[in-house]
Amino acid sequence: LFGGSMFKRKIYSKLLSWKKESNGNTALLIEGARRIGKSTVVESFAKNEYQSYILIDFSTVSKSIKALFEDISDLDYLFLQLQLQYKVDLHERNSLIIFDEVQLCPLARQAIKSLVKDHRYDYIETGSLISIKKNIQNILIPSEERKLSMYPMDYEEFLWALGDHTTTALVRKLFDSRHPIGDKLHRKLMRDFRLYMLVGGMPQAVNEYLQTNNFRKVDTINRDILNLYEDDFKKIDSTGKLSLLFDAIPAQLNKNAARYQVSSVLANDRADSILELIAELKDSKTVLVSYHANDPNAGMSTNKDLCKFKLFLCDTGLFTTLMFKDKDFTENIIYEKLLNDTLNTNLGYLYENIVAQILTCNGNELFYYTFFNETSRHNYEIDFLLASRNKICPIEVKSSGYKTHKSLDEFCKKYLISILCIPKIWLRTLTFFVCQFIWFLFYKLDLYIADGKIKKNPRKQLLKTGCEGFLIKIFYCLIST
């Protein structure tokens with residue numbers, strides 16, 4: 001809740017669906033990284049959709065409240081005490097009880113089984129680090145939970161926060177009518193999208209930008225969040241290895257190596273010796289893990305290599321701040337150059353992070369693939385692989401200036417039978433559309449716009465247009481939404 005109003009979030013509609021479909025037969029568990037707005041949206045939902053609610057914040061609650069969950073044999077007594085303590089009347093089938101930061105009281109989570117069976121009230125649990133080992137090892141995980149992942153604000157939500165409710169409708173209309181958007185508007189849209197990449201989707205950072213229009217203050221907010229994450233990592237792993245692995249993510253991606261090189265960060269460790277730490281990072285929801293697929297087919301989850309992986313951040317705004325963490329603060333001039341696309345450095349790895357973020361938010365596991373080039377004695381690499389309908393979709397991520405895609409070409413020759421479509425991303429001109437309209441990019445079309453004209457490609461024909469032209473490549477059935 002910022003400035004007296006809550007930012008509009010897409011997850012709200014999913015809460016409405018759960019309430020209608022579940023009818024009290026399941027509790028909802030919302031998982032996500034810290035500071036993404038879980039508590040805010042859930043409390044707003046409770047105020048709007050129920051006659052009354054109780055929010056139990058286990059980060060601040062008294063010991064006497066926690067003690068109530070040590071013995072739940074008498075639920076009448078439990079509900080009576082909650083109403084007395086919180087001075088709220090509960091109404092059967094029209095009240096919601098929220099367990100906020102539920103990871104701090106595992107017994108409350110375990111009690112969900114009995115509470116749902118009682119069926120008097122609805123229950124939503126929120127928290128971060130919920131799935132890490134120490135928070136679940138001594139309890140029975142209730143089967144009555146329905147899990148829902150929440151992520152930082154996406155680009156459309158960011159536009160809503162800025163008061164822009166027309167851009168998405170405009171672009172959809174242009175797609176429907178098959179009209180080009182025009183160079184002037186395209187430049188504006190790309191600049192707006194780069195703004196989102198810099199600020200990110202953390203509600204507190206977005207609010208700071210709206211209030212101050214000062215990148216340095218936004219950077220301070222994001223640094224505070226990163227420090228909060230690292231404090232959490234120290235609680236999980238007192239050796240400090242998690243923090244080192246996390247801090248090195250931008251540097252590792254910038255190397256353009258075929259995997260995260262653990263030994264260059266932790267001198268005495270190899271990937272196979274830190275698998276549990278990587279699992280903890282993934283469970284924290286602060287990090288996205290892309291695994292190497294040993295066999296690029298529709299069953300990539302069954303043949304992924306746990307020892308070959310790449311790491312990305314859950315929010316590209318945080319990633320931008322982490323890139324410059326060696327300074328006390330990221331100077332406004334750096335942000336301005338990034339915003340205007342004039343920073344003299346290769347930012348391909350920044351664009352890779354935003355693609356990883358958007359693919360994950362749309363329910364996809366992340367995989368990549370490398371294969372050996374006999375001629376150059378180096379590896380070809382496909383940045384992302386997605387599975388759909390027993391076929392695969394390779395995605396190559398490029399920043400400005402690249403007009404070749406040898407890895408994608410060779411991959412398509414090698415696995416032509418398995419390929420559903422052949423997408424590629426020229427991110428200087430396409431990032432906005434990939435990240436904002438990810439659902440639309442997978443319509444059953446195969447179009448691009450160049451030189452102000454709509455053209456159509458055969459389904460499996462590579463697009464040979466330079467990245468300076470205005471380009472839209474529609475991926476055929478890449479993701480189901």
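What you see is a predicted model; the values in this text were computed from it and never measured.
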Side-chain ([X]) to main-chain ([Y]) donor-acceptor, under 3.5 angstrom:
X	Y	answer
Asn379	Glu381	no
Gln252	Gln261	yes
Asp383	Val397	yes
Ser44	Thr40	no
Asp272	Cys307	no
Asn207	Pro203	no
Ser17	Ser13	yes
His186	Lys184	no

To the closest 0.5 Å, what do you measure between [atom1] ([X]) and [atom2] ([Y])?
X	Y	atom1	atom2	answer
Ile278	Leu306	CD1	CG	10.5 Å
Asn268	Ser273	CG	OG	9.5 Å
Lys304	Phe309	NZ	CZ	12.0 Å
Leu198	Phe215	CG	CZ	5.5 Å
Asn294	Asn297	CG	CG	10.5 Å
Thr239	Ile274	OG1	CD1	10.5 Å

Walk me through it: do Ser301 and Glu365 pass the test side-chain hydrogen bond (donor to acceptor under 3.5 Å, both in side chains)? CA-CA 8 Å; Ser301 293; Glu365 284 194 67; 3.1 Å; yes
Under the side chain to side chain contact (heavy atoms under 4.5 Å, CB included) criterion, do Leu162 and Asp192 qualify, and how do the steps go? CA-CA 10 Å; Leu162 268 58; Asp192 289 346; over 6 Å; no
What verdict does the salt bridge (charged side-chain N to carboxylate O under 4.0 Å, His left out) test give for Arg223 and Asp219, after you've listed the backbone C-alpha separation in whole Å, the side-chain angles of each residue and the deciding distance to 0.1 Å? CA-CA 6 Å; Arg223 284 173 184 265; Asp219 181 74; 2.6 Å; yes
Answer yes or no: is there an ion pair linking [X] with [Y], defined by an N-O contact shorter than 4.0 Å?
X	Y	value
Glu157	Lys10	no
Arg172	Glu156	yes
Glu410	Lys414	no
Glu145	Arg109	yes
Asp409	Lys413	no

For residues 312-319, which side-chain donor-acceptor pairs fall under 3.5 Å, sequence neighbours excluded?
| from | atom 1 | to | atom 2 | distance (Å) |
| --- | --- | --- | --- | --- |
| Asp315 | OD1 | Gly201 | N | 2.7 |
| Asp315 | OD2 | Gly317 | N | 3.1 |
| Asp315 | OD2 | Leu318 | N | 3.0 |
| Thr316 | OG1 | Asn353 | ND2 | 3.3 |
| Thr316 | OG1 | Gln357 | OE1 | 2.8 |

So, for [X] and [Y], which heavy atoms are closest and what is the spacing to 0.1 Å?
X	Y	value
Leu245	Tyr260	O-OH, 2.7 Å
Thr212	Lys217	CG2-CD, 3.8 Å
Gly299	Asn303	O-ND2, 3.1 Å
Ala205	Asn222	CB-OD1, 3.5 Å
Pro296	Ile392	O-CD1, 3.3 Å
Pro152	Arg9	C-NH2, 3.6 Å

How about [X] and [Y]: do any of their side-chain heavy atoms sit closer than 4.5 Å?
X	Y	result
Val265	Asp247	no
Gln204	Val206	no
Phe246	Phe233	yes
Val218	Thr220	no
Leu253	Leu350	no
Leu311	Leu288	no
Leu408	Ile382	yes
Phe411	Tyr380	no

Partners of Arg146 by salt bridge (Lys or Arg N to Asp or Glu O under 4.0 Å), sequence neighbours excluded?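 Only Glu21 meet the salt bridge (Lys or Arg N to Asp or Glu O under 4.0 Å) criterion with Arg146.
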Does Lys241 have any salt bridge (Lys or Arg N to Asp or Glu O under 4.0 Å) partners at least two apart in sequence or in another chain, and if so, which?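 Listed in chain order: Asp269.
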Is the distance between the ring centroids of Phe45 and Tyr12 less than 6.0 Å?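 Centroid separation for Phe45 and Tyr12: below 6.0 Å.
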Between Phe384 and Phe367, ring centroids under 6.0 Å: no
Is there a donor-acceptor contact under 3.5 Å linking the side chains of [X] and [Y]?
X	Y	value
Lys38	Ser128	no
Asn364	Asn362	no
Thr126	Glu101	no

Ile236 vs Leu281, test: side chain to side chain contact (heavy atoms under 4.5 Å, CB included). Steps then yes/no. CA-CA 10 Å; Ile236 301 171; Leu281 273 176; over 6 Å; no
Kindly write out the residues that satisfy ring-ring contact (aromatic ring centres under 6.0 Å, His included) with Phe158, not counting sequence neighbours, or none if the list is empty. Tyr196
Check the surroundings of atom NE2 in His165: do more than 12 heavy atoms from other residues, nucleotides or ligands lie under 6.0 Å from it?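 More than 12 within 6.0 Å, yes.
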For Lys14, I'd like to know if atom NZ has over 12 heavy atoms of other residues, nucleotides or ligands within 6.0 Å. no
For a salt bridge (Lys or Arg N to Asp or Glu O under 4.0 Å) with Glu230, tell me which candidate from Lys235, Arg34, Lys325 qualifies.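 Looking at Lys235, Arg34, Lys325, the match for Glu230 under the salt bridge (Lys or Arg N to Asp or Glu O under 4.0 Å) is Lys325.
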Under the rule for side chain to side chain donor-acceptor pair (under 3.5 Å), what residues qualify as partners of Ser39, not counting sequence neighbours? Asp100
Test Ile36 against Met202 for side chain to side chain contact (heavy atoms under 4.5 Å, CB included), laying out the working first. CA-CA 5 Å; Ile36 62 171; Met202 292 295 175; 3.8 Å; yes
Determine which pairs satisfy ring-ring contact (aromatic ring centres under 6.0 Å, His included) with at least one residue from residues 264-295, sequence neighbours left out, and list them in order.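 The answer is His292-Tyr368, His292-Tyr369.
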